[in-house]
Number of protein chains: 2
Amino acid sequence: MHSPTKHIAESTVRRLSLYLRFLEEFEARGQTTVSSGELARSGGTTSAQVRKDLSFFGSFGKRGLGYGVKDLISSIREILGLEQPWPVIIIGAGKIGAALAQYRGFTSRGFHVVGVYDADPSKVGMQLGALAVRSDKEIERDIAAHKPRIAVLAVPADAAQPMVDRVVAAGMHAVLSFAPAPLHAPHGVTIRAVNMATELEILAYSLTHGV
Amino acid sequence: MHSPTKHIAESTVRRLSLYLRFLEEFEARGQTTVSSGELARSGGTTSAQVRKDLSFFGSFGKRGLGYGVKDLISSIREILGLEQPWPVIIIGAGKIGAALAQYRGFTSRGFHVVGVYDADPSKVGMQLGALAVRSDKEIERDIAAHKPRIAVLAVPADAAQPMVDRVVAAGMHAVLSFAPAPLHAPHGVTIRAVNMATELEILAYSLTHGV
DNA sequence: ATGGCTTTGTGAAATCTTTCACAATGTAGT
DNA sequence: ACTACATTGTGAAAGATTTCACAAAGCCAT
Ligand SMILES: NC(=O)c1ccc[n+]([C@@H]2O[C@H](COP(=O)([O-])OP(=O)(O)OC[C@H]3O[C@@H](n4cnc5c(N)ncnc54)[C@H](O)[C@@H]3O)[C@@H](O)[C@H]2O)c1
Ligand SMILES: NC(=O)c1ccc[n+]([C@@H]2O[C@H](COP(=O)([O-])OP(=O)(O)OC[C@H]3O[C@@H](n4cnc5c(N)ncnc54)[C@H](O)[C@@H]3O)[C@@H](O)[C@H]2O)c1
């Protein structure tokens with residue numbers, strides 16, 4: 001039911017994550033049922049798109065009625081893999097790493113920061129929320145011992161690829177990087193990069209060429 | 001030459017920003033000429049893709065030789081609108097806003113932070129790098145006076161839409177938001193949102209369903 | 001139970017994006 | 001000047017994604 005044979009486009013997965021956010025709002029407001037049209041309006045898409053996105057994974061609605069809010073929340077959480085907790089480590093306890101380590105928005109979705117690492121001895125031991133910064137030398141041992149599933153990289157650009165290599169060698173299969181550096185990893189490892197300069201440049205392009 | 005009649009896909013603009021990054025590396029290494037194939041290899045795409053992306057905007061290469069690194073850098077900077085400086089304001093001087101305000105990576109691309117604002121009186125006056133945090137009450141006056149072109153939002157989710165409305169009313173046409181909230185703006189205003197939870201959820205999906 | 005109304009799920013069509021493949025154009029060596 | 005070679009620029013083909021449009025299914029009022 002929840003494992004499509006076909007490859008699913010990233011845009012679909014991204015929208016599912018978005019729908020989940022809206023569904024949680026509908027739930028908080030006490031709404032029990034929602035139509036593809038309502039969901040589409042919140043998310044700036046179309047009702048056909050919403051139905052098509054869901055149809056890749058199964059059939060979740062009731063014709064004439066719409067989707068049960070609670071049911072659809074569980075279904076999407078299951079599709080995305082959010083029914084299990086996701087231990088995450090953060091590497092680089094600088095300005096952005098420290099902000100991320102203390103950010104509470106992750107936890108609500110099942111992402112738990114279980115370790116923060118830095119190469120700078122003056123940062124090691126520093127308390128960030130409930131966690132103390134650990135030395136980067138512990139990364140390999142901690143990955144082996146605690147099996148965090150995702151590594152978030154907040155290190156300088158030139159340290160990013162070597163760190164990807166290290167965590168991949170240690171068994172990590174997913175990396176989210178904030179460093180403005182192109183990253184490569186072997187097949188089977190998923191890398192995502194958030195590049196703020198690129199986001200600003202897309203805005204600059206759209207301002208320059210009219211909307 | 002640089003203003004296509006056709007609509008250009010966001011994916012193309014995103015890749016242009018990426019090519020620019022690689023070109024700057026080639027330039028730093030003293031390379032004067034680069035082929036679409038080399039550029040493609042750095043960026044994990046194909047040479048045909050590189051040539052097609054550029055062809056929307058004109059003809060920048062020499063057959064048999066490739067592209068002049070310096071020339072292509074200026075051409076892409078012109079396409080993206082980066083030949084002019086982009087004054088930016090940051091709204092919300094919390095953990096992420098403070099990190100962004102002190103981030104030096106923006107400046108190199110022509111994005112200059114000209115103001116940081118917060119609603120919390122205890123944050124107003126705080127020094128972030130060269131800038132002092134100002135009261136959010138000054139936002140409208142400062143936009144009118146200094147005409148920043150992009151507003152970066154680092155405020156809590158429920159303050160995001162009201163703040164979009166304020167800055168748009170004050171004349172802003174582009175917003176980059178870090179708040180996990182869906183944002184709407186009138187036609188003619190470009191909004192981009194970086195949602196870290198969604199990025200992690202896409203990783204969770206790909207780990208859950210195999211790569 | 002029936003009929004009218006609403007909304008889903010989904011093939012098919014339309015649109016958008018990427019890849020292919022090659023003529024055109026230029027370089028470089030002789 | 002000629003030849004061999006490299007690489008661009010681009011229509012056309014292939015592939016991917018979105019939108020359309022409608023039959024099927026279920027609710028609700030009577
Ligand atoms: N600050 C921002 O707003 C911002 C925005 C976008 C992108 N980024 C990117 O995020 C990354 C971090 O930025 P920042 O502003 O937090 O920088 P920062 O200098 O404050 O922090 C970087 C941290 O990484 C640590 N580090 C360096 N090498 C390491 C290694 N091999 N292992 C472990 N730790 C190591 C340093 O000791 C430092 O504490 C950079 O790549 C930057 O370009 C930052
Ligand atoms: N910290 C992170 O790593 C992180 C990661 C992803 C997303 N975000 C998002 O970024 C936003 C900011 O996060 P943060 O961790 O910096 O939070 P924070 O609480 O540290 O900072 C928010 C700041 O916004 C200010 N503020 C509130 N209302 C305002 C208003 N109307 N005008 C001006 N300023 C106002 C507050 O005074 C505070 O200083 C949130 O929406 C958060 O969900 C944060």
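Letters A, B, ... mirror the listed sequences (proteins, then strands); counts begin at 1.
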Partner set under salt bridge (charged side-chain N to carboxylate O under 4.0 Å, His left out) for A:Glu10, not counting sequence neighbours: A:Arg14, A:Arg192
B:Ala169 meets the side-chain contact (heavy atoms from CB on, under 4.5 Å) criterion, sequence neighbours left out, with none
List for me each residue that meets ring-ring contact (aromatic ring centres under 6.0 Å, His included) alongside A:Phe106, sequence neighbours excluded, and say none if there are none. A:Tyr103
Tell me, please, which residues at least two apart from A:Ala119 pass side-chain contact (heavy atoms from CB on, under 4.5 Å). A:Asp136
Taking side-chain contact (heavy atoms from CB on, under 4.5 Å) as the definition, give me every residue that meets it alongside A:Glu24, ordered by chain and number, with sequence neighbours left out. A:Leu20, A:Ile73, A:Arg77, A:Arg109
What residue pairs, at least two apart or across chains, pass salt bridge (Lys or Arg N to Asp or Glu O under 4.0 Å) with a residue in residues 45-65 of chain B? B:Arg15-B:Asp53
Listed in order of residue number, which residues of residues 7-22 of chain A have a non-hydrogen atom at under 4.0 Å from DNA chain C? none
Protein proximity profile, nucleotides 22-30 of chain C - base contact B, sugar-phosphate-only contact S, no contact -, cut-off 4.0 Å on heavy atoms: -BBBSS---
What residues form a ring-ring contact (aromatic ring centres under 6.0 Å, His included) with B:Phe26, not counting sequence neighbours? none
Give me, pair by pair, the N or O atoms of the protein and of nucleotides 11-14 of chain D that are less than 3.5 Å apart, along with how far apart they are.
| unit_1 | atom_1 | unit_2 | atom_2 | d |
| --- | --- | --- | --- | --- |
| D:dG11 | N7 | B:Lys52 | NZ | 3.4 |

Side-chain donor-acceptor distances from residues 81-99 of chain B under 3.5 Å, at least two apart:
| unit_1 | atom_1 | unit_2 | atom_2 | d |
| --- | --- | --- | --- | --- |
| B:Trp86 | NE1 | B:Gly81 | O | 2.8 |

Which of residues 25-35 of chain B have a heavy atom under 4.0 Å from DNA chain C? none
